[in-house]
Amino acid sequence: MGDRIEIKDGKLIVPEKPIIPFIEGDGIGKDITEPTQKVIEAAVEKAYGRHRRIEWKEVLAGQKAFDQTGEWLPDATIESFKDYLVGIKGPLQTPVGGGIRSLNVALRQTLDLYVCLRPIRWFKGVPSPIRYPEMVNMHIFRENTEDIYAGIEYMTGEEETTKFRDFLVDEMGVKNIRFPESTSFGVKPISKDGSERLVKAAIRYAIDRNLPSVTLVHKGNIMKFTEGAFKNWGYDLAEEYFKDKTFTWRHYESIVKAHGKEAADDALAMAKDNGKVIIKDVITDAFLQESLLRPYDHSVIATMNLNGDYISDQLAAMVGGIGISPGANINYKSGYAIFEATHGTAPTIAGTGQANPSSLILSGVMMLEYMGWQEAAEEIFYGMEKTFSKRKVTADLHAYMEGAELLSTSAFTDEIIKNMY
Ligand code: NAI
């Protein structure tokens, strides 16, 4: 019998045989879940022999849940994630015509998983549209609970919308609604608390992994009190909370003003020598360009929900697309974390043995790292790297790789296991 993972004073306590709940997922979820578990089990055994093992516990969501219980996301599933803290999930289709907009969003909101973490790394051999994909090593911290995605929206013509518009115009004196009679509205909540907990998680992650920088990505030049405030709160937090471990670009600029550029450059060089994490900021549109042209300039990226959505997909495309990009939704305070495939249910290839399981497998790698089982994570990473470098791939990548060998989902999985250390 396995045991529960617990959290004490902000630190995870992971037993030798932790119980990990998993959602199989819809569509190709069934095709990729078992292979992923097989790879994780093989890696854990290779790394720790019989001392450690994962006890999988299936929990229901999506079509399978609806067929068995009449609910898309049963309370028992949420309770399991709360009980066991760490879980993994396949893709879920968005129910058509149901009351739930997205099961993924419901999970994130109910468990308050405020960080959407996406590491972006390139594997040798995987086709990439950019010139130096080997220089890509970025980690996106996307805020998951706020922003224009909070769902506070009003459709033009509806009674509430007219009330909202009249409030803005009559009470608040707003004058620049260009077409008041036909305008819909969306509200963009960005809070100090929400920004701080996100940036704190990003900086701590950079410190723990000896990563060189955290870039705050924002459109604060236009949206001063939301995105601009995010940037300022981020800098404030770094300078107050992580004073000894970071050096901010804002501080650099203040030295330039007071003592000139040379003094500021010296201070920056000294900070780098001392292993401090450099905290900088970039406007979103410039970031989208820079990440393509000079990906080596950025390491950890901290940003709000909408920017994070765009950035995640662009950076994923740079290293081979969503088929191989992993993700996690995490609350570092409660410890709740759900690791997930970032692609959808790919219904047209479900059950054909063509699905690429890499996204879910790499989410498993992130899960092992989160649990502190680094050695097992490295086994998988190494096995996968070697498989790609031998040009053995599934159909999605095969189409773009000359001279590659086409493997089914299960043959690809076996190859990864064979190629571990
Ligand atoms: P999708 O990601 O399922 O498919 C987009 C394209 O990528 C398709 O051509 C598909 O065949 C291919 N593809 C995706 N994953 C693949 C893999 N592992 N191996 C090989 N090929 C792969 O996106 P789509 O079609 O927009 O959405 C389908 C369903 O998935 C919808 O119900 C949507 O709501 C849901 N969805 C769920 C997500 C989640 O649970 N995290 C994320 C995105 C979509």
Side-chain angles (χ1 to χ4, degrees), residues 22-37 39 59-66 72-73 77 81 87-111 113 115-118 123 126-127 140 142 144 149 305 308-310 312-313 316-317 319-330 337-367 384 387-388 392-401 404 406-413 416:
F22 73 95
I23 293 172
E24 181 180 79
D26 299 318
I28 55 167
K30 201 176 174 51
D31 309 9
I32 59 176
T33 294
E34 212 185 285
T36 298
Q37 291 175 338
V39 169
V59 294
L60 297 174
Q63 192 68 49
K64 198 168 180 181
F66 189 74
W72 294 102
L73 185 59
T77 297
F81 283 123
I88 188 162
K89 67 172 273 294
L92 292 169
Q93 73 191 44
T94 301
V96 184
I100 296 180
R101 272 212 301 191
S102 153
L103 297 173
N104 297 308
V105 173
L107 268 173
R108 284 171 208 167
Q109 283 177 349
T110 316
L111 297 171
L113 305 173
V115 169
C116 175
L117 173 58
R118 298 271 180 93
F123 286 94
V126 174
I140 308 165
R142 165 185 169 191
N144 233 350
Y149 280 25
N305 214 335
D309 199 359
Y310 297 151
S312 300
D313 274 23
V319 294
I322 48 170
I324 63 165
S325 296
N329 297 294
I330 304 174
I338 300 183
F339 297 82
E340 64 172 0
T342 56
H343 53 74
T345 58
T348 54
I349 58 164
T352 64
Q354 292 179 62
N356 184 348
S358 302
S359 173
L360 195 59
I361 292 175
L362 287 169
S363 301
V365 170
M366 290 175 74
M367 181 179 85
M384 202 165 215
T387 305
F388 283 129
K392 296 189 174 196
V393 292
T394 45
D396 52 327
L397 295 178
H398 185 256
Y400 303 101
M401 281 169 78
L406 174 63
L407 300 185
S408 66
T409 311
S410 64
F412 177 74
T413 313
I416 295 173

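Start at 1 and go down the list; that is how both ligands and their atoms are numbered. Source: prediction; values computed, not measured.
The nearest protein heavy atom to atom 21 (N) of ligand 1 is closer than 4.0 Å. Not a single protein heavy atom sits closer than 4.0 Å to atom 5 (C) of ligand 1.
Inclusion of Gly344 in the set of residues having an N or O under 3.5 Å from an N or O of ligand 1 is warranted.
For atom 16 (C) of ligand 1, the nearest protein heavy atom (residue, atom name, distance) is Ile28 CD1, 3.9 Å. When only non-hydrogen protein atoms are considered, atom 7 (O) of ligand 1 lies nearest to Ile322 CD1, 5.0 Å. Atom 42 (C) of ligand 1 has His343 O, 3.6 Å as its closest protein atom, hydrogens excluded (heavy atom only). Looking only at heavy atoms of the protein, atom 33 (C) of ligand 1 is closest to Thr94 OG1, 4.1 Å. For atom 11 (O) of ligand 1, the nearest non-hydrogen atom of the protein is Ala346 CB, 3.6 Å. Shortest contact from atom 25 (O) of ligand 1 to any protein heavy atom: Pro347 CD, 4.8 Å. Nearest protein heavy-atom neighbour of atom 37 (C) of ligand 1: Leu92 O, 3.2 Å. Nearest protein heavy-atom contact of atom 18 (N) of ligand 1 is Asn356 O, 2.9 Å.
The backbone N or O of Ser325 lies less than 3.5 Å from a partner atom in the side chain of Thr342, making a donor-acceptor pair. Side chain of Thr345 to backbone of Gly27: no donor-acceptor contact under 3.5 angstrom is found. Judged by distance alone, with hydrogens and angles left aside, the side-chain atoms of Thr409 form a donor-acceptor pair with the main-chain N or O of Gly353 at under 3.5 Å. No side-chain donor-acceptor contact under 3.5 Å links Asp26 to the backbone of Gly62. Side-chain atoms of Ser358 never come within 3.5 Å of backbone atoms of Ile324 as a donor-acceptor pair (strictly under, hydrogens ignored).
Near Pro91, meaning under 4.0 Å from one of its heavy atoms, ligand 1 places the atoms 40 (O). Numbered from 1 in the order shown, with element, the atoms of ligand 1 that lie under 4.0 Å from a heavy atom of Lys89 read 40 (O). Every atom of ligand 1 is numbered from 1 in the order shown, and the set under 4.0 Å from a heavy atom of Gln93 is 32 (O). Close approach of ligand 1 to Ile349 (heavy-atom distance below 4.0 Å) involves ligand atoms 20 (C), 21 (N).
Counting heavy atoms under 4.0 Å from ligand 1, residue Leu103 does not touch it at all. Counting heavy atoms closer than 4.0 Å to ligand 1, residue Thr345 contributes atoms from both its backbone and its side chain. With a heavy-atom cut-off of 4.0 Å, Asn104 touches ligand 1 through its side chain alone.
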Just do the side-chain hydrogen bond (donor to acceptor under 3.5 Å, both in side chains) check on Asn144 and Tyr149 with the steps written out, would you? CA-CA 9 Å; Asn144 233 350; Tyr149 280 25; over 6 Å; no
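Between Phe81 and Phe22, the distance separating the two ring centers is not shorter than 6.0 angstrom.
Taking the side chain as every heavy atom from C-beta outward, Phe412 and Pro35 never approach each other to under 4.5 Å. At least one side-chain heavy atom of Asn329 sits less than 4.5 Å from a side-chain heavy atom of Cys116.
Note: Trp72 and Phe66 have parallel aromatic rings, judged against thresholds of 30 and 60 degrees for the angle between ring planes.
The structure places OG of Ser102 at 10.0 Å from CG of Leu73, a figure rounded to the nearest 0.5 Å.
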